[in-house]
**Student:** 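Provided herewith is a single structure, encoded as structure tokens, for subsequent inquiry.
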Amino acid sequence: MWKSDRPPLPEWIKDIYTLLEDHIADSNADSIEQDAAVTLIVDEEEVPTEDAQHAVKRLLNRGHLYEVNEELYITETDDENEVAETDDS
């Protein structure tokens with residue numbers, strides 16, 4: 001995640017971002033279906049469906065996630081790109 005002048009996301013939403021990021025990385029996939037993400041959040045974080053949907057919307061609105069055809073992807077930051085460039089050399 002990157003720095004912003006906006007107030008930080010609440011910790012529970014940051015925890016959900018980490019959950020989604022780890023899940024996508026562990027599954028060797030590039031994305032997760034939005035409905036599957038909501039189900040994962042409800043099951044792992046034990047929050048109501050409405051809260052899980054709200055968290056996904058906040059992460060989308062803040063640019064931490066992006067959506068293509070109902071698939072959620074983690075937005076790469078400059079830090080991640082620098083790591084990737086370092087690994088290629």
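Bear in mind the structure is a predicted one, so any value in this text is a computation, not a measurement.
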**Student:** Which atoms form the tightest heavy-atom contact between Pro8 and Arg62, and what is the distance?
**Tutor:** C-NH1, 4.3 Å
**Student:** Which value, rounded to the nearest 0.5 Å, describes the distance between Ile16 atom CD1 and Glu11 atom CD?
**Tutor:** 11.5 Å
**Student:** What I'd like to find out is whether the side chain of Leu9 reaches to under 4.5 Å of the side chain of His64, using heavy atoms alone.
**Tutor:** yes
**Student:** Is the number of heavy atoms from other residues, nucleotides or ligands within 6.0 Å of CD (Glu70) greater than 12?
**Tutor:** no
**Student:** Do Ile41 and Leu20 have side chains that get closer than 4.5 Å, going by heavy atoms?
**Tutor:** yes
**Student:** What distance separates Leu19 CG from Ile13 CD1, expressed to the nearest 0.5 Å?
**Tutor:** 13.0 Å
**Student:** How about Asp30 and Ile74: do any of their side-chain heavy atoms sit closer than 4.5 Å?
**Tutor:** no
**Student:** To the nearest 0.5 Å, tell me how far Arg58 CZ sits from Tyr17 OH.
**Tutor:** 15.0 Å
**Student:** Less than 4.5 Å apart, any side-chain heavy atom of Tyr73 and any of Leu65?
**Tutor:** no
**Student:** With a 3.5 Å cut-off and sequence neighbours excluded, list the donor-acceptor pairs that the side chains of residues 32-40 form with protein atoms.
**Tutor:**
| unit_1 | atom_1 | unit_2 | atom_2 | d |
| --- | --- | --- | --- | --- |
| Thr39 | OG1 | Asp35 | O | 3.1 |

**Student:** Within a 6.0 Å radius of atom CG on Asp43, are there more than 12 heavy atoms belonging to other residues, nucleotides or ligands?
**Tutor:** yes
**Student:** With sequence neighbours excluded, what pairs up with Glu50 under the salt bridge (Lys or Arg N to Asp or Glu O under 4.0 Å) test?
**Tutor:** none
**Student:** Identify the two heavy atoms, one from Ala52 and one from Val42, that lie closest to each other, and give their separation to 0.1 Å.
**Tutor:** CB-CG2, 3.9 Å
**Student:** Once rounded to the nearest 0.5 Å, what's the spacing between atom CG of Leu59 and atom NE2 of His54?
**Tutor:** 9.5 Å
